[in-house]
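Remarks on the structure that follows.
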Amino acid sequence: MGISATRLLVELIGQVVLLLWGARMVQTGIVRAFGADLRRLLGLGLRNRFAALLAGIGVTTLLQSSTATALMVTSFAPAASSRWCRAWR
């Protein structure tokens with residue numbers, strides 16, 4: 001017999017939650033360990049598109065998780081966008 005739709009949905013939601021929680025733990029650990037150095041290195045690594053591509057490949061390779069990398073980048077985006085807004089004033 002097959003899996004019921006309710007059980008499938010509950011298991012899928014549980015797996016997504018565990019994935020996001022694990023990625024958040026990785027992000028928090030990296031930010032706590034490297035902090036300002038990480039932001040400085042990201043600033044240097046994101047000077048142009050080619051450098052950004054290489055930095056993304058490097059971070060993803062080190063973390064072995066493109067999901068964790070994407071979540072880290074999106075968490076840094078609000079701080080970077082506020083800095084860009086101040087630069088335009």
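The figures here come from the full heavy-atom set of this structure, side chains too, leaving out hydrogens, waters and symmetry mates.
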- Message: If you apply the rule side chain to side chain contact (heavy atoms under 4.5 Å, CB included), what do you find for Gln15 with Leu19, and how did you get there?
- Response: CA-CA 6 Å; Gln15 291 169 358; Leu19 174 69; over 6 Å; no
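Here CD1 of Ile13 is found 12.0 Å from CG of Leu18. Values are rounded to the nearest 0.5 Å.
Counting all heavy atoms, side chain and backbone alike, Leu8 lies closest to Ile3 at N-CG2, 3.8 Å.
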